[in-house]
Chemist: 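The structure's right below; bear with me while I get my questions together.
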Amino acid sequence: MGQYIAPLRDMQFVLHELLDVSSELKAMPAHAEVDAEIINHLLEEGGKFTSKVLFPLNQVGDREGCTLDSTTHEVTTPAGFKEAYRQFVEAGWPALTCDPEFGGQGLPIVIYNCFSEMLNSSNQAWYMYPGLSHGAYECLHEHGTPELKALYLPKLVSGQWTGTMCLTEPHCGTDLGLLRSRAVPQADGSCKITGTKIFISAGEHDMAENIVHLVLARLPDAPKGTKGISLFIVPKYLPNADGTLGARNGITCGALEEKMGIHGNATCEMNLEEASGWLIGSPHKGLNAMFVMMNAARLGVGMQGLGLTEVAFQNALAYARERLQMRSLSGIKAPDKEADPIIVHPDVRRMLLTAKAYAEGGRAFSTFVALLIDRELSHPDETVRQDAAELVTLLTPIIKAFMTDNGFIAASEAMQVHGGSGFITDTGVEQYVRDARINMIYEGTNTIQSLDLLGRKILMDNGAKLKKFGALVQAFVEENGTDEAMSEFVTPLADLGEKVTKLTMEIGMKAMQNQDEVGAAAVPYLRVVGHLVYSYFFARMAKIALAKLDSGDSFYKAKLATARFYFARLLPETAMLIRQARSGAKPLLDLEAELF
């Protein structure tokens with residue numbers, strides 16, 4: 001069955017020692033009373049819920065999956081899922097960061113971000129049911145009419161209702177400009193919506209009494225392409241004015257997808273047959289409104305990658321400590337046993353440290369971004385809010401793509417540590433590999449994220465947002481450049497920063513002549529920038545660890561060793577990636593399509 005224990009010590013290190021979150025929050029009136037004690041208490045409670053309630057259901061959900069009644073179109077979730085959701089709601093977790101006006105607790109995003117990692121580590125498929133509700137809440141909170149907010153938000157905040165996002169159609173995935181679902185206005189201000197959506201996570205289930213779908217469709221006068229898309233709220237059950245449930249709406253689950261992983265989550269084909277829906281935002285501006293939910297989902301998927309990285313590492317580490325296999329090449333390490341535990345072998349250490357480094361780097365990075373979102377939403381200084389918003393915009397595709405790529409790498413390495421046992425379902429580790437693979441695909445494939453980063457977020461503003469992050473790197477380099485003890489971290493960080501600047505300019509110049517150069521370079525480019533981000537945080541963490549080595553706390557010794565491993569064994573990947581990005585479009589496009 002495996003194990004999961006929330007990594008509270010490392011979370012506390014990131015929150016309190018690396019980022020000094022409590023001091024940051026004191027500058028935000030809405031969160032000024034949130035101190036380290038409150039944060040630690042909430043995370044301790046979150047650790048108990050995820051390890052004791054959710055983790056034991058992870059393999060259950062994988063093996064049982066969901067069941068569709070084709071007559072009633074109702075979906076039954078795996079055993080224990082519904083009961084766990086009830087506990088989740090009763091504890092008030094859905095309301096943690098929501099607006100108090102609608103029943104929320106108004107706590108900072110940075111706390112829920114850490115809890116989100118725990119939820120994804122313990123049971124990614126389960127968490128997708130309430131996780132999508134947050135995106136629906138945020139979209140409606142920002143773009144909904146006062147009437148829609150009053151009717152729907154309290155139910156989403158409490159967890160009484162859940163939410164989904166319905167974008168993809170059978171003939172179009174990322175290219176939403178091709179969607180065909182149509183919405184016909186009615187005299188009462190609603191619309192009748194008809195169409196088919198596929199790959200809808202948590203589209204139908206038995207965990208909440210109502211499901212609120214956010215659906216993209218076209219009005220009769222809509223122009224072609226993405227400029228003709230509108231966004232509608234389409235509930236499973238039509239609510240009465242007092243919030244009680246009325247008639248069943250014309251949106252039903254027609255089929256469940258048979259999937260490689262995340263079996264515990266219902267991935268649905270949703271059929272709309274003159275379903276009643278209400279416009280969110282302005283006509284034909286639905287994609288702008290939906291981007292609120294899409295960006296929240298992209299950050300959430302990054303946390304799925306991090307969650308699986310951590311739980312895969314924990315289980316591989318436990319196995320490596322217990323599994324006896326051969327003797328160490330440098331001499332017997334366990335003379336009282338017939339063989340040494342495999343953790344003594346160098347390549348097993350490499351695999352474990354790869355997962356550990358990607359978990360710790362991702363935790364520092366994602367917590368930083370969550371704190372930026374709190375600044376963006378709650379800081380009283382407009383300049384601080386704007387700077388934070390621009391950095392979040394830049395870093396979102398890196399969160400989604402780099403962290404999910406690393407999650408798959410870590411899960412695969414963890415499976416390899418288990419050897420033949422890793423290929424057997426009883427250990428549970430092969431599930432992490434299967435579950436991790438979807439995270440690189442949905443909410444915009446990682447290639448789409450790479451194109452977004454390089455094409456939209458960097459080249460379109462001549463690197464202005466990238467320079468904002470570069471300024472953080474440069475300040476750290478200048479502050480620590482003369483510290484001999486830090487040279488092993490500062491020197492490669494500074495070197496990579498210069499190389500990213502040069503590579504960005506080079507690709508930008510090529511793109512002026514041929515836009516395919518952006519597509520050819522985007523994927524390796526994103527990983528290079530991802531490594532720049534991780535290098536920055538590992539250098540900062542190494543500085544803290546060096547200062548506290550004499551404290552007697554072995555945590556800092558381990559942190560420093562992990563940072564050194566990252567710089568020695570993972571960062572060098574950038575040399576290859578830079579060469580790939582510079583190779584351009586020619587090697588990819590010289591071979592005519594018909595000759596493949």
Side-chain angles (χ1 to χ4, degrees), residues 11-12 14-46 88-89 91-119 130-131 133-146 148-150 152-159 163 289 291-293 295-300 303 363-393 395-396 399 468:
M11 288 180 174
Q12 290 163 355
V14 171
L15 289 164
H16 307 313
E17 299 181 66
L18 177 67
L19 300 177
D20 192 12
V21 164
S22 298
S23 296
E24 287 263 3
L25 295 177
K26 280 183 171 60
M28 307 174 198
H31 305 313
E33 302 302 317
V34 180
D35 59 16
E37 185 178 355
I38 292 173
I39 293 170
N40 291 345
H41 172 71
L42 287 168
L43 295 185
E44 286 167 9
E45 292 302 311
F88 180 76
V89 170
W93 290 115
L96 198 68
T97 60
C98 297
D99 189 340
E101 180 182 349
F102 302 102
Q105 299 175 41
L107 288 166
I109 301 293
V110 72
I111 298 177
Y112 196 87
N113 186 74
C114 293
F115 184 42
S116 172
E117 180 196 326
M118 299 180 199
L119 291 163
S133 300
H134 270 277
Y137 159 83
E138 290 174 10
C139 181
L140 191 57
H141 188 268
E142 184 167 336
H143 293 284
T145 63
L148 289 177
K149 290 181 182 181
Y152 287 95
L153 287 184
K155 303 289 189 180
L156 287 170
V157 168
S158 70
F291 262 117
V292 174
M293 191 171 188
N295 284 330
R298 287 169 180 174
L299 293 168
M303 296 309 294
R363 185 171 299 120
F365 173 36
S366 62
T367 308
F368 172 76
V369 173
L371 185 58
L372 287 177
I373 295 172
D374 281 320
R375 285 185 198 165
E376 178 186 356
L377 297 175
S378 303
H379 202 283
D381 189 320
E382 184 178 353
T383 301
V384 173
R385 293 197 305 271
Q386 183 61 35
D387 285 345
E390 291 183 3
L391 279 173
V392 171
T393 297
L395 297 173
T396 294
I399 283 266
K468 282 185 181 292

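Values reported hereafter were calculated over all heavy atoms of this structure, with side chains retained and with hydrogens, waters and symmetry mates removed.
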Chemist: I'd like to know if the side chain of Tyr137 and the backbone of Asp99 have a donor-acceptor N/O pair within less than 3.5 Å.
Modeler: yes
Chemist: Is the backbone N or O of Gly92 less than 3.5 Å from a side-chain atom of Gln105, with the two atoms forming a donor-acceptor pair by type?
Modeler: yes
Chemist: Can you check whether Asp374 reaches Glu24 side chain to side chain, under 4.5 Å on heavy atoms?
Modeler: no
Chemist: At what distance, to the nearest 0.5 angstrom, does NE2 of His134 lie from CG of Leu96?
Modeler: 7.5 Å
Chemist: Using every non-hydrogen atom in the two residues, find where Gly46 and Phe115 come nearest and quote the distance to one decimal.
Modeler: CA-CE1, 3.6 Å
Chemist: To the closest 0.5 Å, what do you measure between CG (Asp381) and CZ (Arg375)?
Modeler: 11.0 Å
Chemist: With side chains defined as the heavy atoms from C-beta onward, is the minimum distance between Val110 and Leu19 less than 4.5 Å?
Modeler: no
Chemist: With a 4.5 Å heavy-atom cut-off, do Met118 and Leu43 have their side chains touching?
Modeler: yes
Chemist: Would you mind reporting whether Pro29 and Pro380 have side-chain heavy atoms less than 4.5 Å apart?
Modeler: yes
Chemist: Enter the distance from Asn113:CG to Glu117:CD here, rounded to the nearest 0.5 Å.
Modeler: 8.0 Å
Chemist: Between Ala95 and Gly103, what is the shortest heavy-atom contact and its length?
Modeler: CB-O, 3.9 Å
Chemist: Just so I know, are the side chains of Asn295 and Arg298 near enough to count as touching, which here means a heavy-atom distance under 4.5 Å?
Modeler: yes
Chemist: Could you go through Phe368 and Phe365, starting from their C-alpha distance and side-chain angles, then the distance that decides it, and tell me whether this counts as ring-ring contact (aromatic ring centres under 6.0 Å, His included)?
Modeler: CA-CA 5 Å; Phe368 172 76; Phe365 173 36; 7.5 Å; no
Chemist: Between the main-chain N or O of Ala364 and the side-chain N or O of Thr367, is there a donor-acceptor pair closer than 3.5 Å?
Modeler: no
Chemist: At their closest point, which heavy atom of Ser22 faces which heavy atom of Ala36, and how far apart are they?
Modeler: OG-N, 3.2 Å
Chemist: Hey, does Lys149 have a side-chain heavy atom less than 4.5 Å from the side chain of Glu101?
Modeler: no
Chemist: With a 3.5 Å cut-off and no angle check, do the side chains of Gln386 and Glu382 form a donor-acceptor pair?
Modeler: no
Chemist: With rounding to the nearest 0.5 Å, note down the distance linking CG in Leu42 to SG in Cys114.
Modeler: 10.5 Å
Chemist: Using 30° and 60° as the class boundaries, would you call the ring planes of His141 and Phe102 parallel, tilted or perpendicular?
Modeler: perpendicular
Chemist: Would you give the length of the straight line joining atom CD of Glu33 to atom NZ of Lys26, rounded to the nearest 0.5 angstrom?
Modeler: 8.5 Å
Chemist: Can you give me the closest heavy-atom contact between Gly163 and Ala136, atom names plus distance?
Modeler: CA-CB, 4.1 Å
Chemist: Hey, is the main chain of Val392 close enough, under 3.5 Å, to the side chain of Thr396 for a donor-acceptor pair?
Modeler: yes
Chemist: Please test Glu45 against Trp93 for side chain to side chain contact (heavy atoms under 4.5 Å, CB included), starting from the C-alpha separation and ending with a verdict.
Modeler: CA-CA 10 Å; Glu45 292 302 311; Trp93 290 115; 4.1 Å; yes
Chemist: Search all heavy atoms of Ala296 against all heavy atoms of Glu138 and return the closest pair with its distance.
Modeler: CB-OE1, 3.3 Å
Chemist: Between atom CG of Leu371 and atom NE2 of His379, what is the distance when rounded to the nearest 0.5 Å?
Modeler: 9.5 Å
